[in-house]
Amino acid sequence: MPPSTAAPPPADDRDPLRAALLAWYARHQRPLPWRLDPSPWRVWVSEIMCQQTRVASVIGYFERFMARFPDPEALAAVDLETLYPFWAGLGYYARARNLHAAARQVVTEYGGEIPSDPEQFGALKGVGRYTRGAVMSIAFGHRVPVVDGNVVRVLCRWFNVADDPKTPGVQRWLWATAGALADGPQPGDLNQALMELGATVCTPRSPSCLVCPLASACQGRRAGDPERLPTKTPRKGPRAVARSVALSRTAEGHIWLVRNPDAGLLGGQWALPGAEGEGPAPLAALGLTVADGPPLGQVTHTFTHQRWALTVYAATGRPQVEGAAEIAAHPEAALDGLALGGPTLKALRKVGVAVAARRGAGRT
DNA sequence: AACTCGGGGAT
DNA sequence: ATCCCAGAGTT
């Protein structure tokens with residue numbers, strides 16, 4: 001029923017639970033680094049890094065990033081190639097490019113000061129409705145909502161919403177309901193409380209309803225089996241892609257790598273030269289001479305929408321890859337300082353090239 | 001509205 | 001193996 005009414009719950013139902021959420025959050029929040037010092041820049045960077053990424057895997061990247069880029073000016077002053085190693089392994093590299101562009105916007109348009117106006121901040125590259133709400137509420141205290149995957153789950157269970165949350169009607173209801181909750185004291189804490197609850201209590205599977213501050217009001221629980229919510233849409237499986245890549249060394253033993261163009265998959269990341277297809281033929285098309293004998297190894301790497309089967313061949317020669325941003329031979333000792341894509345990292349390890357297990361360890 | 005865009009932790 | 005995560009941009 002809630003989505004069809006498209007109205008937030010009445011205030012007198014909302015306020016006691018709002019207080020319960022804030023009390024629960026004050027007691028049970030995780031001590032995350034950006035909560036120690038919630039400056040606009042730190043909150044912004046944390047929100048970008050956390051997009052579609054678990055908090056636990058962000059923390060290390062966040063600390064290294066902030067040590068090297070303590071403010072928008074520091075990021076605006078470097079080029080993308082300097083930034084990429086700090087993002088390598090975190091995924092979704094357009095986030096890094098957009099943040100870099102946005103930092104330059106802040107410097108040129110706002111004198112280096114992050115705008116506190118939601119309209120202005122929301123116009124920056126890579127800042128969508130969620131990130132705008134998060135930074136504006138957490139760092140500036142504006143009473144604006146956030147709706148992320150956690151909030152969707154919490155609200156759909158709380159109000160027993162069985163319709164697909166991706167539909168426009170439910171989206172409107174979600175933002176309106178989250179907006180009503182955020183419209184009060186401590187909007188940043190309230191927003192974080194909803195997300196924290198979704199991340200630690202109202203989890204996708206096996207929610208801990210017994211310790212939930214909303215349990216008595218939860219309509220999804222009252223209706224039975226809150227775990228069925230939110231309704232999930234069936235997703236397509238990844239498309240299978242066969243790729244051949246080459247381990248080609250110079251006379252000095254340096255390894256030929258190519259850097260992907262910024263746009264597209266693994267944008268800006270270094271990779272072993274290769275192409276779609278099976279066997280040595282795709283590599284010969286790159287001007288490489290493939291050694292006789294069996295391939296050096298095989299690895300698989302699954303993205304959201306593609307499943308790569310990578311075959312590594314020993315080869316000689318300098319690769320000629322159409323559209324590459326850069327082609328260069330690197331000594332093995334220098335590989336750790338490069339932004340290496342996931343599939344290449346796996347392939348190098350598979351064929352015995354030592355690469356540090358630690359990811360995102362940018363030079364400082 | 002449907003795709004693209006990563007990687008990993010939890011189950 | 002599957003799910004899904006402090007989403008945004010493009011088509």
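Reminder, nothing fancy here: chain letters follow the sequence lines and each chain counts from 1. Keep in mind it's a predicted model, so treat the numbers as computed, not measured.
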Keeping A/Tyr61 on the side-chain end and A/Ala88 on the backbone end, is there a donor-acceptor pair under 3.5 Å? yes
A/Lys236 side chain vs A/His305 backbone, donor-acceptor pair below 3.5 Å: no
Does A/Arg153 put a side-chain nitrogen or oxygen below 4.0 Å from OP1 or OP2 of C/dC5? yes
Rounded at 0.5 Å granularity, tell me how far CD in A/Glu227 sits from CZ in A/Arg221. 13.5 Å
Which is it for A/Tyr84 and A/Asp262 under the side chain to side chain donor-acceptor pair (under 3.5 Å) test, yes or no, and what are the steps along the way? CA-CA 11 Å; A/Tyr84 276 136; A/Asp262 281 334; 2.6 Å; yes
Donor-acceptor check, side chain of A/Arg68 to backbone of A/Leu75, threshold 3.5 angstrom: yes or no? no
Length of the line joining A/Leu190:CG and C/dA6:P, which is rounded to integer Å: 17 Å
Could you please name the option among C/dG7, C/dC4, B/dC3 that lies closest to any side-chain atom of A/Lys236? B/dC3
Nearest whole Å is fine: how far is C/dA6 C1' from A/Leu155 CG? 14 Å
When you measure from the side chain of A/Arg157 to the backbone of A/Leu229, do you find a donor-acceptor pair of N or O atoms at a distance under 3.5 Å? yes
Those residues that, when tested against A/Thr344, pass side-chain hydrogen bond (donor to acceptor under 3.5 Å, both in side chains) (two or more places apart): none
Within this structure, what is the CZ-to-C1' distance between A/Arg235 and C/dC3, rounded to whole angstrom? 7 Å
Judged by modelled atom types alone, do A/Tyr130 and A/Glu47 share a side-chain donor-acceptor pair under 3.5 Å? yes
Contacts of A/Asp37 that satisfy salt bridge (Lys or Arg N to Asp or Glu O under 4.0 Å) - sequence neighbours left out: A/Arg42
Using a cut-off of strictly less than 4.0 Å, decide whether A/Arg307 has a side-chain nitrogen or oxygen near OP1 or OP2 of C/dA1. yes
Using atom types as modelled and distance alone, determine if a side-chain donor or acceptor of A/Arg18 lies under 3.5 Å from a backbone N or O of A/Pro185. yes
Nucleotide N/O to protein N/O under 3.5 Å, stretch nucleotides 9-11 of chain B:
none

Taking atom C1' of C/dA6 as reference, at what distance in whole Å does atom CG of A/Leu174 sit? 15 Å
Roughly how far apart, to the nearest Å, are C/dA8 and B/dG9 at atom P? 23 Å
Which whole number of Å gives the distance between the P atom of C/dG9 and that of B/dG8? 24 Å
Ignoring backbone atoms, test whether A/Tyr93 places a side-chain nitrogen or oxygen under 4.0 Å from the OP1 or OP2 oxygen of B/dG7. yes
To the side chain of A/Met195, which of B/dT4, C/dA6, B/dG6 is closest? C/dA6
Quick one: is A/His301 getting a side-chain N or O under 4.0 Å of the B/dG7 phosphate, OP1 or OP2? yes
Distance in angstrom units between A/Gln306 CD and B/dC3 C1', rounded: 12 Å
Using the C1' atom in both, what is the distance from C/dC4 to B/dC5, to the nearest Å? 15 Å
What integer number of Å spans the C1' atoms of C/dT10 and B/dG7? 22 Å
When you measure from the side chain of A/Arg143 to the backbone N and O of A/Ala182, does any donor-acceptor pair fall under 3.5 Å? no
Nearest heavy-atom approach of A/Pro273 to A/Val258 is CB-CG1, 4.1 Å
Taking for each residue the nucleotide of DNA chain B bearing the nearest heavy atom, is the 5' side occupied by A/Ala94 or by A/Thr167? A/Thr167
Checking the side chain of A/Arg153 only, and the main-chain atoms of A/Gly198 only, is there a donor and an acceptor separated by less than 3.5 Å? yes
A/Arg42 CZ to C/dA6 C1', straight-line distance once rounded to whole Å: 16 Å
Kindly say whether A/Thr302 contributes a backbone atom to a donor-acceptor pair with the side chain of A/Arg307 at under 3.5 angstrom? no
Give me the residues of residues 264-277 of chain A where at least one heavy atom lies under 4.0 Å from an atom of DNA chain C, by number, or none. none
In whole Å, I'd like the distance from the CH2 atom of A/Trp87 to the C1' atom of B/dG8. 16 Å
Is the side chain of A/Thr231 donor-acceptor paired with the backbone N or O of A/Ala162 at a distance under 3.5 Å, no angle test? yes
So which protein N/O to nucleotides 8-11 of chain C N/O distances come out below 3.5 Å?
{"unit_1": "C/dA8", "atom_1": "OP1", "unit_2": "A/Gly128", "atom_2": "N", "d": "3.1"}
{"unit_1": "C/dA8", "atom_1": "OP1", "unit_2": "A/Thr131", "atom_2": "N", "d": "2.9"}
{"unit_1": "C/dA8", "atom_1": "OP1", "unit_2": "A/Thr131", "atom_2": "OG1", "d": "2.7"}
{"unit_1": "C/dA8", "atom_1": "OP2", "unit_2": "A/Tyr130", "atom_2": "N", "d": "3.4"}
{"unit_1": "C/dG9", "atom_1": "OP1", "unit_2": "A/Gly126", "atom_2": "N", "d": "2.6"}

Among residues 25-40 of chain A, which residues get a heavy atom nearer than 4.0 Å to DNA chain C? A/Arg30, A/Leu32, A/Trp34, A/Arg35
Counting only side-chain heavy atoms from C-beta out, which of C/dA6, B/dG7, C/dG7 sits nearest to A/Glu196? C/dA6
Suppose you measure atom C1' in C/dA6 against the same atom in B/dC3; what distance do you get, rounded to whole Å? 22 Å
Expressed as a whole number of angstroms, how long is the span from A/Glu47:CD to C/dC5:P? 15 Å
